[in-house]
**Q** 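Below you'll find the structure I mean.
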Amino acid sequence: MSSSGGPKDPILLKSSMTKKPHRAAAPMIAVDRGSEKPLHRQIYDAFRAMILDRRLESGQQIPSTRALADELGISRIPVLDAYAQLLAEGYIESRSGAGTFVKRSLSDQFPSVRPTARSVLSHPGNEAISRLARLLPVERTPWFPSSGAFSVGQIAYDHFPFRVWSDLVTRHVRKVRVSSMNYADPMGSKEFREVIAVYLRTARAVRCDASQIMIVSGSQHALDLSARVLLESDIPVWIEEPGYELLRHTLLLSGCRLVPVPVDSEGLDVAAGMSLCRIARAAFVTPSHQYPLGATMSAARRLQLLEWAHRHNAWIVEDDYDSEYRYESMPVASMQGLDPGLRVIYIGTFSKTLFPSLRLGYIVIPPPLIAHFLAVRRANDLFPSHLYQAALADFIEAGHFTRHIRKTRQLYAERRNALAQALRKEFGSEIEILGAEAGMHLVVTLPPGHSDQKIAARAAQDGLWLWPLSTAYNGPSVRQGFILGFGGTRAADMLHQVRRLRKAIRESGNDA
Ligand SMILES: Cc1ncc(COP(=O)(O)O)c(C=O)c1O
């Protein structure tokens, strides 16, 4: 401990080492001239730490700037800067003629009990959020990092028109205008909504105009906004069983009561829903391609569900997340288009047709609910970011979007065929393949006695991310299996990846 070391040595100072008597004892501060941290910051940090640790007490006098600079053997300027900052943040106060003191009122603000991790977590706030937080750690869901052969929702990055897209984005970055930097319409850009309205009326048979379309950051955001508009605590809501796991999470946050309604080869079983809970506020459904099992909701069921909604003043939330990809027939028309009575909230996304990090999707809102959605949006994130809306509007208008869908539809059909063939070759009739007619994933079910989560945990150790089917069930899992994405894997690699799946099953102590 020395104050006479070379310029790089820390200078340590103690009250006992002071040369001149001071009214205020100089606290023990180490400053290091060789450090990258500026001197004023070192002094500020030292005082702040001592005050917060209560080594310097409220009301205690601290040395004058001149005295401290003398003690430390440095110029007065860094000391003045440090004191000015401490003063501005309310740690110290100066009393004219008396000196500088640790702020007296600080002692009232210190918590009387020192928090520990355990005491903090004993009151973690919202109970539903705490429950979700406990479900999500990676140790419990090792398949979640998911970017690999069977990742659900992976697109064909190798066929994305990067050049066209980056030219469009660059053009919009270069021509920034004040209007594109300012606060904007909570519904989203008008030009973009008009382009989407044309697309939805033409390609998805949705009844809409641009004034009903709200741009959101993907369908997850749309589901969340819909839940906030429609739901309240303890209100019953129909969901598909099995269904989309993150929809359940969103709904749980609203405090509503989930009513899991079984699905079969015709989609949601409306009669079963009515016998479970006839009167519910809403039904959240995926009629074009039921997630995850893949059924297309039959016309009879669609009409039955609409009839139920009208009779009981319930809402239908149609999550049309991947309907552009259908392989054996034309895309199935939306359910919203069947309903003349404004009971369907229609949700779509560009995550599958383009790429998920775009975070762009849309809600087609029944006109009587537009004000409600606007109110929630204003309280939520105000409005969507401008740049990608503008670039995507141009991308669609110039015909790139339809061209890309046409191209990828063929590509995904090849990848799906390759996956189905490889599964048949490796597993024969021991597994069942479901939902391969549409979308970018299919489901394989395993014979009884298998644990899909155990297998997925084993596979994750080898970097193979498998999404267990059982996680899609709200209640006890009826079937075990995997939701296998095929969009991001080349047809030529499929057999190799399926062999890895087979190996993971074998090594986890199961053999299909
Ligand atoms: C059924 C379903 N709904 C919603 C989403 C959310 O998609 P995004 O928020 O990326 O648009 C997904 C994503 O995979 C999905 O599978």
Side-chain angles (χ1 to χ4, degrees), residues 141 143-148 150-157 188 196 200 204 213-228 237-253 260-261 263 267-268 282-297 316-326 332 334-335 345-364 380-381 384-385 388-389 392 412 434-436 438-443 465-469 471-474 482-488:
T141 55
W143 46 87
F144 200 70
S146 101
S147 78
F150 299 127
S151 294
V152 182
Q154 287 252 80
I155 59 129
Y157 295 101
I196 292 176
L200 290 178
R204 304 293 310 120
I213 295 180
M214 176 180 271
I215 306 301
V216 291
S217 74
S219 23
Q220 190 64 33
H221 188 201
L223 293 168
D224 182 57
L225 291 173
S226 306
R228 286 169 196 255
V237 174
W238 287 9
I239 54 164
E240 297 169 325
E241 177 77 333
Y244 184 50
E245 192 183 0
L246 292 186
L247 165 67
R248 283 203 308 277
H249 291 195
T250 300
L251 296 182
L252 284 172
L253 295 181
V261 178
V263 296
L268 185 96
F284 283 72
V285 284
T286 48
S288 299
H289 185 221
Q290 198 276 325
Y291 188 91
L293 296 182
T296 304
M297 191 184 265
I316 296 169
V317 181
E318 176 176 15
D319 179 5
D320 203 25
Y321 64 104
D322 70 357
S323 56
E324 284 83 359
Y325 296 111
R326 192 150 200 103
V332 183
S334 71
M335 189 161 164
I345 293 156
Y346 177 89
I347 289 173
T349 179
F350 292 100
S351 289
K352 315 289 172 185
T353 45
L354 294 175
F355 56 97
S357 76
L358 193 56
R359 303 317 299 144
L360 279 178
Y362 42 85
I363 314 176
V364 180
N380 182 257
D381 69 339
S385 154
Y388 282 165
Q389 293 188 72
L392 187 45
Y412 292 146
L434 300 169
M440 292 150 69
H441 68 265
L442 53 75
V443 164
W465 316 113
L466 299 172
W467 203 279
L469 177 60
T471 62
Y473 285 85
N474 180 64
F482 300 106
I483 306 165
L484 301 180
F486 50 76

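All values below come from the heavy atoms of this structure, side chains included, with hydrogens, waters and symmetry mates left out. Ligands are counted one by one from 1 in listed order, and the atoms in each one are counted from 1 as well.
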**Q** Taking atom types as modelled and ignoring hydrogens, do the side chains of H221 and N380 form a donor-acceptor contact shorter than 3.5 angstrom?
**A** yes

**Q** Can you check whether Y244 and F284 have ring centres sitting under 6.0 Å from each other?
**A**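 Here the rings of F284 and Y244 have centres that are no less than 6.0 Å from each other.
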
**Q** Just to verify, what does Q220 make a side chain to side chain donor-acceptor pair (under 3.5 Å) with, not counting sequence neighbours?
**A**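 Partners of Q220 under the side chain to side chain donor-acceptor pair (under 3.5 Å) test: T250.
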
**Q** Please tell me whether H441 and Y291 form a close aromatic pair, meaning their ring centres lie under 6.0 Å apart.
**A**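 They qualify: ring centres under 6.0 Å apart.
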
**Q** Heavy atoms under 4.0 Å from ligand 1: which residues qualify?
**A** G218, S219, Q220, Y244, Y291, D319, Y321, T349, S351, K352, R359

**Q** Salt bridge (Lys or Arg N to Asp or Glu O under 4.0 Å) with R228: which residues, sequence neighbours excluded?
**A** D224

**Q** Can you sort out the partners of R248 under salt bridge (Lys or Arg N to Asp or Glu O under 4.0 Å), two or more places apart, ordered by chain and number?
**A** none

